[in-house]
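Here is how names work: the chains are called A, B, and so on, in the same order as the sequence lines, proteins then strands, and each is numbered from 1.
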Amino acid sequence: MKYNEYKNLDYAKVGEDILAYWKANNIFEKSVETREGHKPFVFYEGPPSANGTPGIHHVMARAVKDIFCRYKTLKGFQVNRKGGWDTHGLPIELQVEKELGITKEDIGKKISIEEYNARCRETVMRFKGQWDDLTERMGYWVDLDNPYITFDNEYIESVWHLLKKLYDKGYLYKGYTIQPFSPAAGTGLSSHELNQPGTYKMVKDTTIVAQFKVKHNKKSEFLFKNQNNEQQATANENLYFLAWTTTPWTLPANTALAVGKNIKYVKVHTFNQYTFEPITVILAKDLVKRYFSEKAANLNLEDYKSGDKLIPFQLLEEYSGKDLEGVEYEQLLPYVQPDKPAFRVVIGDFVTTEDGTGIVHIAPTFGGDDFKVAAQNDIPALMVVDEWGKMSPIVDRTGKFVKEITDFAGMYVKNYTGEDETVAGYKSTDVLISIKLKEENKAFKVERYEHTYPHCWRTDKPVLYYPLDSWFIRTTAVKERLIELNKTINWKPESTGTGRFGNWLENLVDWNLSRSRYWGTPLPIWRTEDGAEEICVGSVKELYHEIEKSIAAGFMTSNPLAKAVDNADESATAGIVHTVLEFAGNFSLSNSGSDETAAGKTTVDYKAFDLHRPYVDNIVLVSPSGLAMHRESDLIDVWFDSGAMPYAQWHYPFENQDTFEKNFPADFIAEGVDQTRGWFFTLHAIAVMLEDSVAFKNVMANGLVLDKNGNKMSKRLGNAVDPFETIQKYGPDATRWYMISNAPPWDNLKFNTDGVVEVQRRFFGTLHNTYSFFALYANLDNFTFSEAEVPLANRTESDRWIISKLNSLVSAVDASYADYDPTKATRAIQDFVTDDLSNWYVRLNRKRFWKGEYNTDKIAAYQTLYTCLETIAILAAPVAPFYMDQLFQDLNKVSGRNKVASVHLADFPKANKGAINVDLEERMQLAQTISSLVHSLRKKETIKVRQPLSRILIPILNENTKAQIEAVADLIKSEVNVKNIEYIDDTSGILVKKIKPNFKRLGQVFGPRLKQVAAAIQGMNQEEIAVLERENGFEIPLGDDTVIITPEDVEIMSEDIPGWLVASEGKLTVALDITLTEALKQEGIARDLVNRIQNLRKDSGLDVQDKIKISLQNNHKEVNEAVKAYEQYIREETQATGVLLTELLADGTTLEIDEFTLGAKLEVV
RNA sequence: GGGCUUGUAGCUCAGGUGGUUAGAGCGCUACACUGAUAAUGUAGAGGUCCCUGGUUCGAGUCCAGGCAGGCCCA
């Protein structure tokens, strides 16, 4: 059995080959099965939606999930990973509408709900194939065969069960609120949806400061009087409140104005800039300067002429907001009349003087604050009766003004039709309203204003705030508990948990559950028309029985669930094809229904019906008092679907009660940080409300994947990275390794394929080279790790060193994974492989592998390198699952040391603390530093490493350092090619010492006087340093005072050796003796000869083990002598049986060694 | 406007509890080495540690205020 040797490494092919191996040998399944009975590590998969193609960020998110599941498996836990699909929701509806060329309005008209939902069901899994493919190729291990699917009846039934539980606890209620509404999508939006990335955009809107004319009556009399300025009374009939709005289209719905109770307002006499008419206006005192120019402060009102740019003004009276309360004004745009008294000033605590005028225009139908303050003050909203006889706002659900708003009837309040706004003459509805107000002397100021405004995350069109009826979950009731339990969750990064998520909990509002849509989980609440009686249905069986009652009461004629519930057992065994809703089962990917039925665990046949609309809508139930109850037409927020997955993935509580209990809460979940208020919240909320428990103990919120310039990836901009292409080109391992090692997952990643290439080269390339080196020689020597392990004590210094380093690495990597910090783990592994293993251990020990006989030393070398490679394979397997499995198997197949078929079935190595030797690691560091210093000296003198030198000198200030260097002296000597290391100490008398203050120590002792002390120390001469060392103390005069410093207060090092070539780093100084003796020169020539002959061997295509005969031309005396002196050495190095010096070589090659040129010839023997 | 987060070499990133000469890899330049060879070593160039104040004997690090990017929300 031989170790596999590879000509070229094809990373993508490794991925494919290993994937095939996993499939053929069920490695994933085994990785779960072999841990049966072990402690479980519970992981929840946040379900993706398969209606779009996966992107590179999904590789990131899924790599993170995979890494910790694999790590925990290696650590001996059983990690079940049930996949899942999020199948409901707006994106799917919109996609279907786009494909069918319809809008929400057409549903029920051009297309039936039944057909519409059938299309949704088809569409939602359209890219499932691509998703599964990516999941496999990137090496994300998750159970794709038995995923939970949110549209399955079983799933919906579990969700219903949870809703009923909430209902029974009094957490569900119906309310009427102003909500974000997307006319373009025809639906209300949840706060989660409004929290999608990119919904808030900078827009330039036309804003109006409108003039609301004060009614002159008893209540307002005081406003028309001037206490300070009698002669101005004439203009006072034109008295206006100024109110600013960024949404002029809401002005026709105005029914009140709000002021701040304690805000100061002033009355100002001036002129309207559009009509030039004299006016008197009221606005907040703080904001006067915003509307009136300083330059006009001294102008006389009498001098004003129409059209003057500078408009004079005069401050008249001052009022507090409280004074203004109750003052009435004339309706600004009298299209529709309210049914109760309106148009007066109210107090609002939300009014500020930050912007606008300090007076806020109130349109109760189009703003949350507006709605609240109007209700508190009994101010009506402006409503009209729509075509169905229902009360509705003056803007309809498509975003158009109703016919009652005559001047603007039928106009869209925002650009919902995609009109080109850049064409000349384009006027938005807001602009048209402005023009009208200007003409009527009702506009004080109209200007374009840039601000952020929320947009629908699917249609990119602006959102309106709009009154909607909704069902809510009273999350505020458990707010404190949500906060408390959140503190027990380990967030990665912590700031997301305390900051983003914590603050969100602090400002929690009730969860708006309602969606007026079609494709989703229906709200299982039936109500009488007057809303007095209602029922929340919590299971299919319960619904069945309620229907039976309804039939008895005469509201229904047949029970659509009859077949499913009555004939359950029969249908399951007889294989009846269900006709109630044929398609329901056809697209179902779940196979749990029929299996479980056959097993007799439930009596419901879940393929015989459909809990979606419109079927549930057709069910009419009977109330306790005998009235008809219809289903509340809403669907529930899809986030509830995904937040319910801990339960619903198991069809709990109808099946798998045990399984659920064993798998709750999760040990670990991970998703993008954008899910903070989405999935993370809904999981948490449901778990706290129902279980008084967290839903997850550890959570990783990973950051965004941006393009290499830090911009968001988007298909539209064309900067999106195709994950399939990346994996195909660079392989899954390099892609994953790059993503994880480059930056912590919670930071945003600037994805640059150059980085992937670098990882490939630097890490995988080096590791592979190291393996190839091992395989080449191990195969020649037939090393199969069959010998007993050579005891550490019998191995070389460098063996023990790399083993020590390896064990330190195991500890570090284990700790990093356990702390959910994969980046630290990968960086540690990478540094070990490139720096310690490859660049130092292998480089220094090469000769042990290819030279000499197969003895204990050689075996020790093989064992050491093997152990390093095998350990690395396991440590790195969670991140690079394919390559590391190949490496592991390549090693293991020959040695058979592990009885497992894959690295993923192995056990995570345990660090052997006894093998870690800090002293050893320290002195190897010394060796590396000294070598590096000598190399740099050689370079300075341009003496090549092949030229042996006699000695280096190292000044030694303490015995410990000397002993440390002694232990690695051989390594240094061979690495830098010198014969001897000599140490010089104090007694030599030639050391020049350097003294440096220990600032940390001195600072603590001397504080502000440190500067003087430090200066004195740096000024000490050799003599004084000697005194300090000898006496263990030295007096420094400090002004009138004298202080004593000790050797601990300073750092003393040798700086220079007079007359020598030195280099130093930190405390270490090295001197190099560059005197060349004849012998050294000869040896240098011999080494050069070896080098040239080795090259010749290689060029001639000789095999490593071929023996040769060498003939050399004897035309240089120096060379001849070197050959004679070092013949033995030359023969050994070049595997030559003999070296012959001859006069003439007819057919040799020419060798050049410095100034020598000679002929040479090799013959294989 | 608020919350969170990031800002260190051309690029990607390290820099416990403050300590005086701020590091690594990549890239660039030069040189060397060569039975791991499309590998490797050594050296060099390259820094306003985002800015401004403050605390301190001493600030990349702590504090305050800004600026810029990102995410999330009003």
Any N/O pairs under 3.5 Å between the protein and nucleotides 43-46 of chain B? List them or say none.
none

**Report entry** Rounded distance in Å - NZ (Lys824(A)) to P (C13(B))
**Finding:** 17 Å
Report task. Give a yes/no answer on whether the side chain of Tyr777(A) brings an N or O atom under 4.0 Å of OP1 or OP2 in A36(B). Result -> yes
Query raised in the report: Quick one: is G19(B) close enough that its OP1 or OP2 comes under 4.0 Å of any side-chain N or O from Asn998(A)?
Result: no
Query raised in the report: When the distance from CH2 of Trp504(A) to P of C72(B) is rounded to whole Å, what number comes out?
Result: 13 Å
Report task. Determine: side-chain N/O of Arg761(A) to OP1/OP2 of G27(B), distance under 4.0 Å, yes or no. Result -> yes
Query raised in the report: In whole Å, what is the span from the CG atom of Leu865(A) to the P atom of A36(B)?
Result: 13 Å
Query raised in the report: Under 6.0 Å between ring centres, would you say that holds for Phe849(A) and Tyr777(A)?
Result: no
Query raised in the report: Does the separation of the ring centres of Phe501(A) and Phe680(A) fall below 6.0 angstrom?
Result: no
Query raised in the report: Is there a Watson-Crick or G-U wobble partner for G25(B) with both distances under 3.5 Å, and if so, which one is it?
Result: C11(B)
Report task. Let me know the distance between CD of Gln947(A) and P of C33(B), rounded to the nearest Å. Result -> 11 Å
Query raised in the report: Between Phe774(A) and Phe783(A), what is the ring plane arrangement, given parallel below 30°, perpendicular above 60°, and tilted in between?
Result: perpendicular
Requested in this report: Figure out the CD/P separation between Gln830(A) and C13(B), and round it to whole Å.
Outcome: 14 Å
Query raised in the report: Who is the Watson-Crick or G-U wobble partner of U48(B), with both distances under 3.5 Å?
Result: none
Query raised in the report: Taking atom types as modelled, is there a side-chain donor on Thr498(A) or Trp491(A) under 3.5 Å from an acceptor on the other?
Result: no
Report summary line: In whole angstroms, the gap separating P of C28(B) from CD of Glu758(A) amounts to 12 Å
Side-chain donor-acceptor pairs of residues 748-759 of chain A under 3.5 Å, sequence neighbours excluded:
{"from": "Asn748(A)", "atom 1": "OD1", "to": "Leu704(A)", "atom 2": "N", "distance (Å)": "2.9"}
{"from": "Asn752(A)", "atom 1": "OD1", "to": "Asp754(A)", "atom 2": "N", "distance (Å)": "3.1"}

Query raised in the report: Under 3.5 Å, is there a donor-acceptor pair between the side chain of Asp510(A) and the main chain of Thr475(A)?
Result: yes
**Report entry** Residue pair Ser838(A) / Asn769(A), side-chain donor-acceptor N/O under 3.5 Å
**Finding:** no
Requested in this report: Output yes when a side-chain donor or acceptor of Tyr730(A) lies under 3.5 Å from a complementary backbone atom of Gln760(A), and no otherwise.
Outcome: no
Can you check nucleotides 3-12 of chain B for protein contacts, nitrogen or oxygen pairs under 3.5 Å, and list what you find?
{"from": "G3(B)", "atom 1": "O2'", "to": "Asn503(A)", "atom 2": "ND2", "distance (Å)": "2.2"}
{"from": "G3(B)", "atom 1": "N2", "to": "Arg500(A)", "atom 2": "NH2", "distance (Å)": "3.4"}
{"from": "U12(B)", "atom 1": "OP1", "to": "Lys750(A)", "atom 2": "NZ", "distance (Å)": "3.3"}
{"from": "U12(B)", "atom 1": "O3'", "to": "Asn742(A)", "atom 2": "ND2", "distance (Å)": "3.3"}
{"from": "U12(B)", "atom 1": "O2'", "to": "Asn742(A)", "atom 2": "OD1", "distance (Å)": "2.1"}
{"from": "U12(B)", "atom 1": "O2'", "to": "Asn742(A)", "atom 2": "ND2", "distance (Å)": "3.3"}

Query raised in the report: Could you state the CD1-P distance from Ile829(A) to A24(B), rounded to the nearest angstrom?
Result: 23 Å
Query raised in the report: At under 4.0 Å between heavy atoms, what does Gly1003(A) touch on the DNA or RNA strands: base, sugar-phosphate, or nothing?
Result: base
